[in-house]
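Let me begin by presenting the structure, written as structure tokens, before commenting on it.
FYI, side chains are in, hydrogens and waters are out, and symmetry mates aren't considered; it's all heavy atoms of this structure. All values derive from a computational prediction rather than experimental measurement.
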Amino acid sequence: MSDRATRVLADPPTAADPVADAARELIAGLGLRPWGQVAASVYETGRLVAVAPWLTGHDQRIAFLVRTQRPDGAWGPPEGYALVPTLSATDALLAALADGSAGTELLAPVARGLGALVGTLLRTDARTLPDTPALDLIVPALVDTINDRLAGLERATADRLPHPPLPLPAGLNRDRLRAVRSAVAAGAALPPKLAHFYEILDAAPADAGPTLTAVGASPAATAAWLTAAGPAAGPTAYAFLRALIRDEGGPVPCPAPITVFERAWVLSGLSRAGITINPPNSVVETLTAATAGQGIATGEGLPTDADTTSVSLDALARLGRPADPGSLWAYETASGFCTWPGEDGFSVTTNAHVLDAFGQHLSRHPDADARYRRAVDRLSVVLPGHQRADGAWQDRWHASPYYATACCVLALAEFGRGASAAEAVDRAAGWVLNSQRADGSWGRWGGTAEETAYALQVLLTVPTTVPRVDDAVARGHAYLHESAAREHPPLWYGKELYCPTVIVRAAVLAACRLVGVRASGVDRSVVDCGYRSTKTTT
């Protein structure tokens with residue numbers, strides 16, 4: 001019997017605690033799908049259509065792209081977040097049109113995609129585009145590819161797509177793309193994180209081989225390598241791709257695998273909310289590499305980073321397996337802690353998670369090296385220093401300020417020191433309270449269950465008896481019940497915005513548990529926010 005099955009049988013569902021039942025099912029799923037659960041990606045699916053039409057599920061991927069196109073011709077989330085997925089999907093459908101793998105019915109969606117690109121998206125100043133990873137590589141690469149495809153179309157087809165060569169957004173050039181491609185061609189050793197984007201680098205990764213699961217935790221990068229090298233060169237990677245394609249019915253997610261990232265965020269978040277969990281050792285042990293060297297990576301094929309390392313350490317501590325967080329010193333900088341050495345920017349959520357890891361260590365070892373105490377004192381000032389004037393935080397790894405604000409509030413409320421930390425927490429709670437929508441939800445573009453869960457976590461972390469807070473919590477909790485069946489929109493930063501579905505569900509469950517703990521007289525049998533166990537008791 002598998003470890004997962006043993007664990008589920010040992011912890012039978014309890015009708016009196018549906019939140020714990022739902023959490024138990026989430027954790028069982030971590031073992032069933034060790035590469036993680038991420039919603040299908042328009043960008044990544046488009047790259048498979050364009051670079052690997054030989055992979056099974058090609059027609060289903062084309063259908064997915066056609067089905068997910070917005071009425072305005074673009075793909076993906078609002079604002080500049082639509083640029084990368086729209087470029088990828090338009091190029092993919094152009095490729096299918098050109099190679100004859102689809103009929104002329106693709107002309108209309110291609111024309112609408114081109115119209116969205118030249119009408120709005122490519123007219124945006126690059127300085128206002130979101131800071132999604134490698135945008136300055138992906139955009140020029142896909143613009144050039146689309147222009148080449150348009151130039152190569154037969155005249156009869158080209159005349160039905162009357163668009164001049166696509167321009168680059170003002171302020172964006174091809175210099176970095178050319179430099180990276182030249183370095184790859186010359187055999188230079190590039191930073192491991194660039195493996196995530198191999199599908200646009202015109203090269204194969206130097207360390208690819210038969211035992212590699214995925215190139216750069218990216219189905220597109222993996223497919224590009226297998227197209228060039230042949231499936232026999234990477235049987236493990238080929239099997240992994242086929243599993244993803246089978247599970248998603250053709251489309252593919254990104255990033256994948258996210259084994260450690262998913263497990264760390266789920267276990268840390270559920271434990272922090274006071275949900276009793278007992279994950280199998282096989283799941284917990286995947287986090288223990290966070291204690292060595294420079295820590296741990298989100299998943300195979302990605303470089304180690306301080307964010308995944310610190311959340312893994314926090315999860316281990318909350319599960320009763322605390323470890324020295326010394327691996328995080330490799331990421332210390334003059335301004336705080338970087339996500340990885342050489343990071344182009346500053347992440348408040350990474351620093352909040354480092355505060356969690358160091359705070360956990362000091363709570364268990366008050367006589368620990370003074371360096372840890374100095375770091376906690378420093379982060380207690382650094383995080384408030386990055387708070388917006390309205391009381392929120394914004395981060396480079398998530399589109400919503402509610403996620404960043406929840407990360408900072410939870411860390412500062414539990415481990416922060418001094419008046420600035422306490423004041424920052426109060427200001428954040430005020431911002432959350434004042435930004436609730438009429439339907440009880442919270443959200444950047446519209447109300448979502450994920451953002452509502454983060455907002456509730458903030459309000460339920462700050463001790464208060466203000467009646468207005470109780471009303472806001474009640475309305476937010478009601479919204480979670482009403483929205484339980486809705487699809488979670490992508491809000492997390494990758495090549496495009498993506499949704500790690502199990503992490504989002506864990507955040508909602510954590511909020512539901514906190515509501516149950518705070519609200520006196522709440523019937524625990526309904527404090528599940530719609531995520532009831534599918535198991536039945538006899």
Side-chain angles (χ1 to χ4, degrees), residues 41-55 58 61-62 65-66 69 73-76 82-102 106-107 109-119 121-124 126 129 132-154 157-158 160-169 172-182 184-185 194 196-204 215-216 218-228 252 254 495-496:
S41 160
V42 170
Y43 171 86
E44 211 78 359
T45 299
R47 293 305 80 220
L48 259 65
V49 169
V51 307
W54 56 273
L55 279 169
H58 181 66
R61 285 188 284 279
I62 292 175
L65 295 178
V66 173
Q69 188 174 27
W75 279 265
L83 177 55
V84 166
T86 302
L87 283 168
S88 180
T90 302
D91 175 66
L93 296 183
L94 263 174
L97 193 63
D99 68 15
S101 63
L106 293 184
L107 276 169
V110 168
R112 292 198 302 272
L114 290 170
L117 289 168
V118 300
L121 295 175
L122 290 174
R123 291 166 55 190
T124 303
L129 289 172
T132 50
L135 180 139
D136 58 340
L137 297 176
I138 293 172
V139 171
L142 291 181
V143 164
D144 289 348
T145 301
I146 289 174
N147 285 334
D148 289 343
R149 293 194 200 282
L150 288 170
L153 287 175
E154 294 182 2
T157 302
R160 299 172 67 178
L161 300 170
H163 288 286
L166 301 183
L168 287 179
L172 192 64
N173 59 51
R174 296 171 175 82
D175 293 349
R176 184 162 178 252
L177 177 64
R178 289 169 177 158
V180 171
R181 282 178 169 173
S182 295
V184 170
L194 281 179
H196 193 53
F197 313 99
Y198 268 121
E199 73 276 7
I200 59 167
L201 298 184
D202 292 341
V215 176
S218 163
T222 305
W225 170 57
L226 290 174
T227 297
V252 291
C254 190
K495 299 176 192 180
E496 63 181 334

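For the atom pair CZ (Arg112) and CH2 (Trp75), the distance works out to 7.5 Å, reported to the nearest 0.5 Å. Note: Leu166 CG to Leu142 CG = 10.5 Å, rounded to the nearest 0.5 Å. The distance from atom CG of Leu177 to atom CG of Asp144, rounded to the nearest 0.5 Å, is 7.0 Å. To the nearest 0.5 Å, the span separating CG on Leu94 from CG on Asp99 amounts to 11.0 Å. Here CG of Leu106 is found 11.0 Å from OG1 of Thr157. Values are rounded to the nearest 0.5 Å. Taken from CG in Leu122 to CG in Leu117, the straight-line distance is 5.0 Å, to the nearest 0.5 Å.
Side-chain contact check for Val49 versus Leu93: every heavy-atom pair is 4.5 Å or farther apart. Looking only at side-chain heavy atoms (C-beta outward), Tyr43 and Ile138 come within less than 4.5 Å of each other. Counting heavy atoms from C-beta on, the side chains of Leu48 and Leu55 come closer than 4.5 Å. Taking the side chain as every heavy atom from C-beta outward, Pro140 and Leu172 approach each other to under 4.5 Å. Leu153 is listed as a side-chain neighbour of Leu150, based on a closest heavy-atom distance under 4.5 Å. When side chains are defined from C-beta on, Val139 counts as touching Pro169, because their heavy atoms get closer than 4.5 Å.
Taking both residues in full, the closest heavy atoms of Val42 and Ser88 are given as O-OG, 4.1 Å, listed atom of the first, atom of the second, then distance. Here the closest non-hydrogen pair linking Asp91 and Ala50 is OD2-CB, 3.7 Å. Nearest heavy-atom pair across Glu199 and Ala220 is CB-O, 3.7 Å. When all heavy atoms are compared, the tightest approach of Leu137 to Val180 is CD2-CG2, 4.2 Å. The nearest pair of heavy atoms linking Pro85 to Gly76 is CG-CA, 4.1 Å. When all heavy atoms of Val215 and Ala221 are compared, the closest pair comes out as O-CB, 3.5 Å.
Applying the side-chain hydrogen bond (donor to acceptor under 3.5 Å, both in side chains) criterion to Thr90, with sequence neighbours excluded, gives no partner residue. Residues meeting the side-chain hydrogen bond (donor to acceptor under 3.5 Å, both in side chains) test with Arg160, sequence neighbours left out: none.
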field: Residues Cys254, Arg47; criterion side-chain contact (heavy atoms from CB on, under 4.5 Å); working and verdict
entry: CA-CA 11 Å; Cys254 190; Arg47 293 305 80 220; over 6 Å; no
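For the residue pair Lys495 / Ser218, a side-chain donor-acceptor distance below 3.5 Å is found, with atom types taken as modelled. No hydrogens or angles considered: nothing links the side chains of Thr132 and Glu496 as a donor-acceptor pair under 3.5 Å.
With Gln69 contributing its side chain and Pro109 its backbone, the two residues share a donor-acceptor pair below 3.5 Å. Between the side chain of Ser41 and the main chain of Val252, no donor-acceptor pair closer than 3.5 Å is present.
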